[in-house]
Number of protein chains: 2
Amino acid sequence: MLTRPRQYLLIYESLKTQLTAGVYPKGSLLPSENELAGQFQTTRTTVRQALTELVRDGYIERQHGRGSIVRSERQTLGLLSFQGFSEVVAGDHAVRTTFLKPITLQDWPSAFVFPLTDTERVLDCLALERIRYADEHPVMLEYTFVPNVGLDDMLTNDLLDGSLFRTLHQRYQLAIIDMQQRLYAVGATARQAAVFGCALHTPLLYMERRYLTSRPGLHVYSQLYCHTDKYAISNGL
Amino acid sequence: MLTRPRQYLLIYESLKTQLTAGVYPKGSLLPSENELAGQFQTTRTTVRQALTELVRDGYIERQHGRGSIVRSERQTLGLLSFQGFSEVVAGDHAVRTTFLKPITLQDWPSAFVFPLTDTERVLDCLALERIRYADEHPVMLEYTFVPNVGLDDMLTNDLLDGSLFRTLHQRYQLAIIDMQQRLYAVGATARQAAVFGCALHTPLLYMERRYLTSRPGLHVYSQLYCHTDKYAISNGL
DNA sequence: CACCCCAACTTGTCTAGACAAGTACAGGCG
DNA sequence: CGCCTGTACTTGTCTAGACAAGTTGGGGTG
């Protein structure tokens with residue numbers, strides 16, 4: 001009564017598993033149809049059926065004469081993608097970051113808007129307060145909190161290329177793998193109006209972001225206020 | 001130098017012409033694959049390639065053991081979840097959607113905020129105007145534009161489970177694989193204030209979103225206004 | 001009449017090839 | 001050095017079958 005397993009689905013599932021596991025980097029090529037046919041002991045037709053499904057699902061693209069190109073490493077990533085500040089302000093603008101105050105080592109804020117994990121609660125945290133400029137206009141006010149897992153010397157060393165995420169990744173092996181956020185529109189407070197040079201109650205974009213890292217139970221948290229009159233917050237659009 | 005005409009495209013065009021001319025009544029069956037192979041002096045494989053294209057374009061459905069059915073009405077099923085509205089409003093809330101006006105088939109808006117691809121420019125578009133409610137409070141005003149790739153019967157058929165993305169994927173093989181967006185905070189206009197029942201100039205979150213699909217050069221576009229006083233816009237946080 | 005079973009027909013899956021057409025790269029030529 | 005060209009490799013199209021599996025309808029049986 002068992003239904004015969006369909007080969008092209010087996011191949012499809014196998015490749016999909018590898019793709020979501022990140023076995024093939026984005027932009028790289030899958031093995032050719034002939035190679036796959038050999039690996040799975042079947043014909044090119046059947047392999048092509050599996051590859052067609054992967055195209056339909058958006059995992060790969062195909063290019064005549066070239067091969068099957070991996071389109072995304074992890075289809076499971078959320079829709080709201082995360083990027084650094086320089087990729088986030090729409091268009092080609094000169095971006096710059098200043099610190100409102102030096103990085104501090106402190107307790108987690110009381111009444112923190114994010115729930116902490118048990119791992120994080122027993123640690124103190126690094127706090128960053130930064131202003132981001134596009135073409136010398138202040139566009140973003142960012143408060144960032146990082147659990148202090150041996151990051152003490154970040155207090156004295158500069159960030160690599162000015163990038164927090166690059167520093168965490170290259171110097172501390174903490175990779176950012178996903179991001180969750182809540183979005184609000186709010187009216188500017190007096191302090192924010194002063195920073196952005198705008199009127200009181202000007203609509204600001206307010207984001208609460210939790211970045212998931214490669215270490216379970218460890219996150220980077222950010223609260224961001226954005227002045228979007230001149231510059232949108234974007235990801236690739 | 002003439003490129004050899006591709007047989008499956010000839011068959012595809014021939015059938016499409018007959019379908020749009022109403023040669024086959026809705027709900028009736030096309031000639032079987034073997035009959036078509038005979039008519040076009042080719043093999044079943046080639047005929048199947050043409051029929052597969054017609055399914056992708058939404059002209060026909062296929063039923064194992066029965067035949068190729070000319071599209072008319074459709075049933076509801078399936079549970080593929082994509083990041084839709086219900087997952088996007090933070091927390092556990094009863095969500096509901098209403099249409100401000102019926103879905104229309106129209107030209108692309110003049111001065112459209114999104115640049116169109118060549119593929120899209122030659123098509124007309126489906127326009128949706130929807131209000132989203134959380135716990136019976138209006139929280140989102142959404143204008144969506146979909147290039148009309150054989151989606152005409154979306155004008156008369158309901159969305160599967162009320163979900164546009166689910167409908168596009170299951171009924172039209174259009175998978176949403178990525179999203180790009182620009183975010184702004186803006187003050188509510190009179191019209192928006194009326195929809196949300198808020199004061200004029202209340203800060204609203206305004207998003208311009210481009211959804212990439214599994215078909216190159218085809219996108220779904222949305223402009224969204226969100227009232228975030230009571231409900232944040234979130235993804236998983 | 002109601003029911004079941006079987007035959008004929010349909011689409012789905014798969015094989016084992018062939019040739020066309022696009023791509024990448026090394027090697028030779030100017 | 002720059003350019004072209006040939007070759008190996010890739011995907012795209014197509015043939016001529018085979019068997020599996022789902023649907024339909026007719027005929028026989030109770």
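Every chain is numbered from 1, with letters handed out A, B, ... down the list of sequences. These figures come from a predicted structure and were not determined experimentally.
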Should the pair B:Glu33-B:Arg62 be classified as a salt bridge under the 4.0 Å nitrogen-to-oxygen rule?
yes
Taking for B:Leu51 and for B:Thr45 the nucleotide of DNA chain C with the nearest heavy atom, the one nearer the 5' end belongs to B:Leu51
Hey, does the side chain of A:Gln49 come within less than 4.0 Å of C:dG12's phosphate (OP1/OP2), counting only N and O?
no
Nearest-angstrom distance from the residue atom CZ of A:Phe40 to C1' of C:dT15:
18 Å
Hey, could you give me the CG/OG1 distance between A:Leu183 and B:Thr228, rounded to the nearest 0.5 Å?
8.5 Å
Rounded interatomic separation in angstrom, taking CD from B:Gln7 and C1' from D:dA16
14 Å
Does OP1 or OP2 of D:dT23 have a side-chain N or O of B:Gln63 closer than 4.0 Å?
yes
Side-chain atoms of B:Arg62 come closest, of D:dT23, D:dC14, C:dG12, to C:dG12
Interface with DNA chain D, restricted to residues 28-36 of chain A and to heavy atoms under 4.0 Å
A:Ser32, A:Glu33, A:Glu35
Would you indicate, yes or no, if C:dT15 has its OP1 or OP2 atom less than 4.0 angstrom from a side-chain nitrogen or oxygen of A:Thr46?
yes
For B:Phe114 and B:Phe145, what are the C-alpha separation, side-chain angles and deciding distance, and is it a ring-ring contact (aromatic ring centres under 6.0 Å, His included)?
CA-CA 10 Å; B:Phe114 303 97; B:Phe145 304 90; 8.0 Å; no
Measure from CD1 on B:Ile60 to P on C:dT10 and round the result to the nearest Å.
15 Å
Looking at side-chain heavy atoms only, is the closest gap between B:Leu218 and B:Leu123 below 4.5 Å?
yes
Taking for each residue the nucleotide of DNA chain D with the nearest heavy atom, is it B:Arg66 or A:His64 whose nucleotide lies nearer the 5' end?
A:His64
Check the distance between D:dT15's C1' and B:Tyr8's OH and give it to me in whole angstrom.
17 Å
Does B:Arg48 make a side-chain N or O approach to OP1 or OP2 of C:dG12 shorter than 4.0 Å?
yes
Nearest non-hydrogen partners of B:Phe40 and B:Ser14, listed with the distance
CZ-OG, 3.6 Å
Just how far is it from atom CG of B:Asp124 to atom CG of B:Asp152, taken to the nearest 0.5 Å?
7.5 Å
Integer-rounded Å distance: C:dT10 P and B:Arg44 CZ
10 Å
Which nucleotide sits closest to the side chain of B:Thr42: D:dT15, C:dA16, D:dC14?
D:dT15
Student check: side-chain heavy atoms of A:Arg132 and A:Pro138 closer than 4.5 Å
no
